[in-house]
There are 2 protein chains.
Amino acid sequence: MSRRSGILEFAVLGLLRESPMHGYELRKRLNTSLGVFRAFSYGTLYPCLKTLVASGWLIEESGGASEEALAAPLSGRRAKIVYRLTAEGKEHFEDLLSQTGPDAYEDEHFAARFAFFGQTSRDVRMRVLEGRRSRLEERLEKMSASLARTRERLDDYTLELQRHGMESVEREVRWLNELIESERAGRDQQRSAPDSSAQHDSTSGESGGLPRRRETNPPPDPSDDTAK
Amino acid sequence: MSRRSGILEFAVLGLLRESPMHGYELRKRLNTSLGVFRAFSYGTLYPCLKTLVASGWLIEESGGASEEALAAPLSGRRAKIVYRLTAEGKEHFEDLLSQTGPDAYEDEHFAARFAFFGQTSRDVRMRVLEGRRSRLEERLEKMSASLARTRERLDDYTLELQRHGMESVEREVRWLNELIESERAGRDQQRSAPDSSAQHDSTSGESGGLPRRRETNPPPDPSDDTAK
DNA sequence: TTCGTCATGTAATGGGTTACATGATTAC
DNA sequence: GTAATCATGTAACCCATTACATGACGAA
């Protein structure tokens, strides 16, 4: 019983929605696609997959479409287990996507939500972005309040740490502002379009949400070659 | 047996080194002084304090210096328990401060280390800052490598998330650069001073490490009063 | 007198990692 | 043939949270 990670479950469902995969690959995608943040281990992932199967959200399929599966059916041969989202799983994920409770604004949860914005309807995207922003603004208030209360007693390094922390949060707020603005722009731009009725069947996220920003290319960075 | 949180233990020792405190207060300081990051709960803190006492790093003292302690010695009266660092505890903390193993460069561990830079010798500060920086540079490399590998397959939002993540890391690297630079400046500036021999007895961190940056003052921010 | 905050604790539970065990497949 | 990497799993532990239980103290 139990073993419900929330964020892991969500991410697994989201990735499998795009295409079936086996555990090993899933884990890698988890650590890059959502990445930066979480690095789930197999000890977490595999048990989680099992409970998802038990819940009926996933089914296990043996490796290559049909040939290999029959080539070595019974004996020791350990097969790759490919997980595929069931219809119920799809529905469940859709449910999760539409939930905008306060949890969704926490750091890691938010990142996971954002990673699947491509499959999220615009109004939900808006709610999540705005919720996150006000969550951060709250945090900011608390921080500067406690800073005001204690500033005298703190040494320079502690102060600097605090300052840098607040600046990081402020920076994320600015980022969210940009995102929200361009979501709004996208919405307004579509306001005069034929119709939409778009509520679910949200396989496509109604596109059009991101600020123009080509040249993400990491500048080749010559000099400095600490590569191991 | 067990119950060694590393970072919590470290932070508790560090705070108590500055002055004795009881658990409740300790917790608040933990969430502000180091704050922003961690918010330890009592369920974590109190058991930890016990093991620290058991290890001999701390001793428990009953509340007000002597009067109160005698005023209600036996019956139900629940006394504040003030924790004070023992000589061994002090020594132990000094040990921890001087350790610069790879753990010290991880996010939260690093923050805890930084929070006590005021009690850390300059050379250790340098090692920690530089270690942290190269840790982040590694991370940056991995991120852009995996980005290069997968960029085509990712949708715009995932990409944007990745980009923002990398930018955050880059920003911290720049911050570290500033800090390292001003540590170096402080060191050079002192190069011609009488002597120092300063190795430990590091109650004062040899000062002089931070970039000039007055006006941290959060601008009073009139308008907006969402305070609860 | 009741409410908020100070103050200390414990048991159950959660969510995750590490280390280990096993074995197939590929590249050299 | 042997090393790296792919691939799946389990058991033991770790760190921390939640919810609960208890109670004092001050202010409205």
Side-chain angles (χ1 to χ4, degrees), chain A residues 1-12 20-31 34 37-54 58 60-64 68-69 71-73 75-83 103 106-109 112 149, chain B residues 1-12 20-31 34 37-54 58 60-64 68-69 71-73 75-83 103 106-109 112 228:
Chain A
M1 270 151 215
S2 78
R3 191 74 33 140
R4 278 283 142 82
S5 156
I7 140 157
L8 179 54
E9 172 180 328
F10 178 78
V12 165
M21 260 178 285
H22 55 265
Y24 191 84
E25 198 188 342
L26 205 41
R27 192 213 172 203
K28 282 193 305 183
R29 304 267 257 121
L30 236 37
N31 296 231
L34 316 198
F37 317 93
R38 285 297 203 162
F40 291 101
S41 63
Y42 298 120
T44 315
L45 178 57
Y46 285 118
C48 171
L49 285 170
K50 289 216 169 140
T51 76
L52 291 179
V53 169
L58 305 184
E60 304 184 347
E61 299 177 338
S62 295
E68 266 192 358
S75 52
R77 182 83 134 84
R78 191 200 289 242
K80 275 200 232 183
I81 300 175
V82 174
Y83 293 90
D103 281 1
E106 295 313 306
D107 304 291
E108 304 205 321
H109 213 322
R149 244 185 292 108
Chain B
M1 271 151 215
S2 75
R3 190 76 30 142
R4 278 285 142 80
S5 154
I7 141 159
L8 178 56
E9 172 180 329
F10 178 78
V12 165
M21 260 177 284
H22 54 266
Y24 190 86
E25 198 188 343
L26 204 41
R27 193 216 172 200
K28 282 193 306 185
R29 304 269 256 120
L30 234 38
N31 295 229
L34 318 197
F37 316 93
R38 285 294 202 167
F40 291 102
S41 62
Y42 299 121
T44 315
L45 178 58
Y46 285 118
C48 171
L49 285 170
K50 290 215 168 142
T51 76
L52 291 179
V53 169
L58 304 184
E60 302 183 349
E61 299 177 337
S62 294
E68 266 193 355
S75 52
R77 182 83 134 85
R78 192 198 290 242
K80 275 201 235 185
I81 301 175
V82 174
Y83 294 90
D103 280 1
E106 296 311 308
D107 304 293
E108 303 205 319
H109 212 320
K228 190 235 152 177

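The structure presented is a predicted model; accordingly, all values stated were derived computationally and were not measured. Only heavy atoms go into these numbers, but all of them, side chains included; no hydrogens, no water, no symmetry mates. Order of the sequence lines sets the chain letters (A, B, ...), proteins ahead of strands, with each chain counted from 1.
- In this entry the distance linking CG of B:L8 with C1' of D:dC15 reads 10 Å, nearest Å.
- Looking at residues two or more places apart in sequence or on another chain, you find a side-chain contact (heavy atoms from CB on, under 4.5 Å) between B:F10 and B:F93, B:L96, B:L97, B:A112, B:R113, B:F116.
- With sequence neighbours left out, the ring-ring contact (aromatic ring centres under 6.0 Å, His included) criterion links A:Y24 to A:Y42.
- Rounded to whole Å, atom C1' of D:dT17 lies 14 Å from atom CD of A:E106.
- The nearest whole Å value for the distance from the NE2 atom in A:H22 to the C1' atom in D:dT5 is 12 Å.
- Residues passing the salt bridge (charged side-chain N to carboxylate O under 4.0 Å, His left out) test with B:E106 are B:R135, sequence neighbours excluded.
- The distance between atom CD of A:E61 and atom P of D:dT8, rounded to the nearest whole Å, is 13 Å.
- Every residue meeting the side-chain contact (heavy atoms from CB on, under 4.5 Å) condition with B:D107, not counting sequence neighbours, appears here in chain and number order: B:R132, B:R139.
- Checked options A:V82, A:L49, A:N31; the residue passing with A:L26 is A:L49 (criterion: side-chain contact (heavy atoms from CB on, under 4.5 Å)).
- For the pair A:I81 CD1 and C:dA24 C1', the interatomic distance rounds to 14 Å; values are reported in whole Å.
- Helix bend of the helix from C:dT1-D:dA28 to C:dC28-D:dG1: the angle between its two end axes, each built from five pairs, comes to 30° after rounding to 10°.
- Regarding contacts with the backbone of D:dG9, every side-chain N or O of A:Y46 stays at 4.0 angstrom or more from both OP1 and OP2.
- The CD-P distance, from A:E108 to C:dG15, rounds to 13 Å in whole Å.
- With rounding to the nearest 0.5 Å, the separation of CG in A:D103 from CD1 in A:I7 is 11.5 Å.
- Checking D:dG9, D:dC6, C:dA7 against every side-chain atom of B:Y24, the shortest atom distance belongs to C:dA7.
- What separates CZ of B:R27 from C1' of C:dA7 is a distance of 12 Å, to the nearest Å.
- Side-chain nitrogen and oxygen atoms of A:Y42 include none within less than 4.0 Å of the OP1 or OP2 phosphate oxygen of D:dT8.
- We find that CZ of A:F40 is positioned 9 Å from C1' of C:dG16, with the value rounded to whole Å.
- A sub-4.0 Å separation between OP1 or OP2 of C:dT10 and a side-chain N or O of B:K50 is present.
- For B:T44 and D:dA16, the shortest distance from a side-chain N or O to OP1 or OP2 is not below 4.0 Å.
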Trace of the side-chain contact (heavy atoms from CB on, under 4.5 Å) decision for B:E60 with B:Y83: CA-CA 5 Å; B:E60 302 183 349; B:Y83 294 90; 3.5 Å; yes

